[in-house]
Every structure is written in structure tokens, then in C-alpha cells.
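Any value given below was found using the heavy atoms of this structure, including those in side chains, with hydrogens, waters and symmetry copies removed. Lettering of chains follows the sequences in order, A, B, ..., and the numbering in each one begins at 1.
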Amino acid sequence: MSNYWLMKSEPDTFSIDDLKRLKTSPWDGVRNYQARNFMKEMKKDDLVFFYHSSCSPPGIAGIAKISKEAYPDHTSWDPTHTYFDSKSTESNPKWVMVDVTFVEKWSSILTLAALKQSPALADMLLTKKGSRLSVMPITKNEWEYIITMLKNKRPLAGQIATYHQ
DNA sequence: GCCAACGTTGGC
DNA sequence: GCCAACGTTGGC
């Protein structure tokens, strides 16, 4: 039984197209305890909404899956790296990352504005005012509701989603 | 570019 | 342990 998640990324830094090209990538640089703790709960093959933030329009751009469970984020103890944290060491790592693998890119962004218009999604952290959490759990109901929203909007580019096993 | 909301830091 | 100050996130 898999779990569902949403992960935010600024497309200028790392977009769904970057993941599509790389197929698999580490999700590094998370420096927030709540987000980190959620990453530690992730299991292989969990599904992830790939969300584009700080762009126009913000929203869900596609789907990825967890291909490697949480392991130490080596960028945290690299003093030359942007994500360096002096409190994290190789012998006592403070931060973790997971690997994510591309599943599908949607033909258009499912915008935050559209998500906010759905009463069914009012309890999501994402749609709450002031919420800045970059990694969050999604309930099965929310996941399926969002997939339905997407399908009602327009067909998927290329083949239909095949991630259901 | 603005700024509200939030998380973190550090003085006391 | 409180809380003011600061830095960051991220929508608009």
C-alpha cells in the first residue's frame, strides 16, 4: 500500500522537465524539520505530486515516485555547497534526501488557484493561507480527487496514467 | 517587487 | 523558556 505526497520545487531550479530528462534524481536541500520528517516516512514506490512553486502559475506539473528511501543529504556537510549546514556532519547527519523518479508530466499545470476552488481540498496544507511546507502528505481521497480534476480538465498528453498497479 | 506568514536564532 | 529580530518562502 503506497502513500501519497506533494513536493514543491522552483522550476527555475529543478522542474518536472529536468526530472523527465534525468529519469531519477536526488531530492536534496530540504532544510525544514517538518518536511524532513515527512521524507523519512516515505517508502519506495510512494507517489508524489510534483509541484512548481514561485512561478506563474504555481501548481502541480506531474507525478513522480519515490525510488530510494531517506538517506543522508551529503550537501549539508559540504562547505562549498549552497545547502551547507554547519550543524550537520558526515558522522552525524542532520538532513536527509530521497530519490525521485519521473512518472508523467501533465499537459498543463493544475493550478493552485484551481485547487483552492475545490471545497474537497480545503483541508490540504497546500491550500491553506500562509502554509510554506515544501513536503507534505496527501490523503488517498485527495489524490484521487485531484486526478479526477485533471482528467475532467483535459486528456493527459500521450498515454493515460499507468502508475496504478 | 511587495509583503504576509512562518520558522529559526539568540539574548535575556 | 520567552519573545523580538531576523531570514525565508512563496503567492500575488
A:Asp18 side chain vs A:Ser15 backbone, donor-acceptor pair below 3.5 Å: yes

A:Asp73 side-chain N/O to A:Gly29 backbone N/O, donor-acceptor pair under 3.5 Å: yes

Sugar-phosphate, base or nothing in reach of A:Lys128, heavy atoms under 4.0 Å: nothing

Side-chain touch A:Lys94/A:Arg31, heavy atoms, less than 4.5 angstrom: no

Separation of C:dC12 P from A:His52 NE2 (nearest whole Å): 17 Å

Distance test, side-chain N/O of A:Lys129 to OP1/OP2 of C:dC12, below 4.0 Å: no

Donor-acceptor under 3.5 Å (A:Glu69 side chain, A:Lys44 main chain): yes

Taking only N/O atoms, report every protein-nucleotides 7-10 of chain B pair under 3.5 Å with atom names and distance.
{"unit_1": "B:dG7", "atom_1": "O4'", "unit_2": "A:Arg132", "atom_2": "NH2", "d": "3.3"}

A:Asp17 and A:Lys20 ion-paired at < 4.0 Å: no

When you compare the protein's N or O atoms with those of nucleotides 1-6 of chain C, which come within less than 3.5 Å of each other, and at what distance?
none

A:Trp95 ring center near A:Tyr71 ring center (under 6.0 Å): no

Listed once per pair and sorted, the side-chain hydrogen bond (donor to acceptor under 3.5 Å, both in side chains) pairs that draw on residues 111-122 of chain A, sequence neighbours left out: none

